[in-house]
J.: 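Dropping a structure here in structure tokens format, bear with me for questions.
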Protein chains: 2
Amino acid sequence: MATSVTSSACASTRDQLIAHAQTLISKRGYNGFSYRDLAEHVGVKTASIHYHFPQKDDLLQAAVVDYTAKITRALHAIDDSLPAVERLERYAKLFVGSPADQICMCGMLAADFASVPEPVRAALKAFFRLHENWLAAVIADGKREGTIKSWSDPQSSARTAFAAFQGALLASRLFQANDRVCEVLQAICVRVEQPA
Amino acid sequence: MATSVTSSACASTRDQLIAHAQTLISKRGYNGFSYRDLAEHVGVKTASIHYHFPQKDDLLQAAVVDYTAKITRALHAIDDSLPAVERLERYAKLFVGSPADQICMCGMLAADFASVPEPVRAALKAFFRLHENWLAAVIADGKREGTIKSWSDPQSSARTAFAAFQGALLASRLFQANDRVCEVLQAICVRVEQPA
DNA sequence: GTCTATACCGAGATAGAC
DNA sequence: GTCTATCTCGGTATAGAC
């Protein structure tokens with residue numbers, strides 16, 4: 001999931017803070033970065049961060065809201081009328097496009113579940129469900145088209161597929177190679193049916 | 001992945017420290033717990049932890065080595081001569097057996113990749129490869145038996161399957177329901193082949 | 001091997017000048 | 001809105017008694 005919206009040239013301090021916070025969370029997790037780290041990245045002092053986000057949890061909340069909105073837009077930008085497989089490929093690109101040391105921010109925060117306040121937990125669940133529902137619709141279409149394999153019902157398949165994507169991102173960073181995301185894609189799409 | 005080896009009744013302080021550290025890492029991540037937390041769980045003072053593990057990284061190393069050994073033993077304990085599907089089911093139980101708020105410790109540490117020293121990174125890669133190779137062998141057998149679906153080659157399928165398991169654990173904790181691991185199992189195993 | 005006491009630093013957070 | 005200065009707390013880590 002690209003964080004490239006980061007900053008074209010000049011953005012408000014607040015926007016820069018959110019963008020860099022997203023990057024830091026994706027790389028190091030919520031407990032893995034400090035206001036000092038963030039301040040250095042943006043080029044301000046820590047007191048300035050506190051002006052925009054009094055508590056660290058406020059920053060987190062803003063980062064999650066912005067990230068979710070961004071991804072939701074990207075998801076909606078994938079044309080519903082395209083063949084299911086092509087939609088899936090575009091979906092996978094949302095992940096592969098980001099730097100090798102960054103995984104999906106919400107996947108990362110799901111790992112930090114215990115450290116995160118309730119509102120963020122709710123947002124994370126919503127994020128997961130959004131993706132699972134989106135994938136379920138695509139899988140259902142692909143099933144009709146005969147281009148996507150569906151084990152059991154589409155919703156269940158979608159949950160497994162999304163889990164596979166998140167896990168693949170984790171492994172991609174671990175092994176410094178993001179072809180694992182593509183492997184998930186291949187596992188889902190019908191190619192040459194091999195005899196059981 | 002059960003951390004149940006924790007302590008039958010009395011174990012050496014060192015062993016208790018390792019066991020509880022594993023639990024804390026699985027729940028909160030490497031940056032999410034302190035020596036104070038661990039000390040309270042075990043019932044000692046933080047200075048005692050430093051006696052056994054001078055640096056926090058030493059504790060981490062020990063926790064990873066022990067965890068890996070434990071899981072490796074559990075993996076070897078699954079009889080090679082069993083049908084592939086049954087081996088897979090036993091494998092899944094390694095995950096489902098653990099408390100809902102704990103995911104696989106090495107999956108968690110993979111998320112904390114950036115915060116972790118090189119030797120631990122190497123151990124994590126080895127852990128992933130161990131599982132992927134084990135799964136690849138099972139999948140290859142299941143393919144021959146006609147009981148397991150293999151998209152592309154078994155190695156690639158195994159990587160995707162392992163990613164799906166790790167992602168499913170993440171989602172299980174998020175939604176407080178670990179049936180997602182079972183869903184992965186169902187996705188892999190052949191049941192009623194539904195027409196594409 | 002475990003404790004008390006303490007050093008030391010980095011964290012999140014606040015006050016108030018500019 | 002950003003800064004300097006400062007506070008407080010919690011974190012890792014050490015020294016030395018028992």
Side-chain angles (χ1 to χ4, degrees), chain A residues 6-7 9-64 66 108-109 111-112 114-120, chain B residues 6-7 9-64 66 108-109 111-112 114-120:
Chain A
T6 308
S7 55
C10 69
S12 74
T13 299
R14 194 191 137 92
D15 289 347
Q16 285 187 68
L17 287 172
I18 290 178
H20 281 96
Q22 287 170 346
T23 304
L24 283 168
I25 292 170
S26 298
K27 285 186 186 175
R28 310 192 46 92
Y30 187 52
N31 294 315
F33 81 100
S34 69
Y35 268 32
R36 184 176 303 189
D37 297 328
L38 178 57
E40 283 169 6
H41 275 86
V42 176
V44 294
K45 300 297 176 181
T46 62
S48 301
I49 307 181
H50 280 285
Y51 169 78
H52 295 284
F53 308 102
Q55 318 261 352
K56 203 187 181 188
D57 281 353
D58 298 324
L59 172 64
L60 175 62
Q61 179 83 39
V64 168
D66 179 87
M108 191 67 184
L109 288 174
D112 287 335
S115 308
V116 136
E118 216 337 274
V120 173
Chain B
T6 307
S7 54
C10 70
S12 74
T13 298
R14 195 191 136 92
D15 288 348
Q16 286 187 66
L17 286 171
I18 290 177
H20 281 96
Q22 288 169 344
T23 303
L24 282 168
I25 293 170
S26 298
K27 285 186 185 176
R28 309 193 45 93
Y30 187 51
N31 294 317
F33 81 99
S34 69
Y35 267 32
R36 184 174 303 188
D37 297 328
L38 179 56
E40 282 168 6
H41 274 87
V42 177
V44 295
K45 299 297 176 180
T46 62
S48 301
I49 307 181
H50 281 283
Y51 169 79
H52 294 283
F53 308 102
Q55 320 260 354
K56 204 185 179 188
D57 281 352
D58 298 324
L59 172 64
L60 175 63
Q61 179 83 39
V64 169
D66 179 86
M108 190 69 183
L109 288 173
D112 288 333
S115 308
V116 137
E118 218 336 277
V120 172

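Chain letters run A, B, ... following the sequence lines, proteins first and then strands; every chain starts at 1. These numbers come from the heavy atoms of this one structure, side chains and all, not from hydrogens, waters or symmetry mates. Quick caveat: nothing in here was measured; it's all calculated off a predicted structure.
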J.: Would A:Tyr35 and A:Leu59 count as a side chain to side chain contact (heavy atoms under 4.5 Å, CB included) if you check the C-alpha gap in whole Å, the side-chain angles of each, and the deciding distance to 0.1 Å?
T.: CA-CA 10 Å; A:Tyr35 268 32; A:Leu59 172 64; 4.0 Å; yes
J.: Considering just the side-chain nitrogens and oxygens of B:Thr13, establish if one lies under 4.0 Å of OP1 or OP2 belonging to C:dG1.
T.: no
J.: Check every atom of D:dT2, C:dC3, D:dT4 against the side chain of B:Lys45 and return the nucleotide holding the closest atom.
T.: C:dC3
J.: Could you go through the side chain to side chain contact (heavy atoms under 4.5 Å, CB included) check for A:Phe53 and A:Ile18 one step at a time?
T.: CA-CA 10 Å; A:Phe53 308 102; A:Ile18 290 178; 3.8 Å; yes
J.: Quick one: do the A:Ser12 and A:Asp15 side chains pair a donor with an acceptor below 3.5 Å?
T.: yes
J.: Hydrogens and angles aside, do B:Ser34 and B:Asp37 bring a side-chain donor and acceptor to less than 3.5 Å of each other?
T.: yes
J.: Between B:Lys56 and B:Phe33, does the side chain to side chain contact (heavy atoms under 4.5 Å, CB included) criterion hold? Intermediate values first, please.
T.: CA-CA 11 Å; B:Lys56 204 185 179 188; B:Phe33 81 99; 3.8 Å; yes
J.: Do any N or O atoms of the protein come closer than 3.5 Å to N or O atoms of nucleotides 9-12 of chain C, and which pairs are they?
T.:
residue: C:dA11; atom: OP1; partner: A:Ser34; partner atom: OG; Å: 3.4
residue: C:dA11; atom: OP2; partner: A:Arg36; partner atom: NE; Å: 3.4
residue: C:dG12; atom: OP1; partner: A:Lys56; partner atom: NZ; Å: 3.3
residue: C:dG12; atom: OP2; partner: A:Tyr35; partner atom: N; Å: 2.7

J.: If you count heavy atoms of other groups shown closer than 6.0 angstrom to NE2 of A:His52, is the number above 12?
T.: yes
J.: Whole Å only: how far is the CZ atom of A:Phe53 from the C1' atom of C:dA13?
T.: 16 Å
J.: Within this structure, what is the OH-to-C1' distance between B:Tyr51 and D:dG16, rounded to whole angstrom?
T.: 15 Å
J.: Would you mind reading off the distance between B:Arg28 atom CZ and D:dG11 atom C1', rounded to a whole angstrom?
T.: 14 Å
J.: For C:dG1, take OP1 and OP2 only and decide whether either is under 4.0 Å from a side-chain N or O of B:Ser48.
T.: no
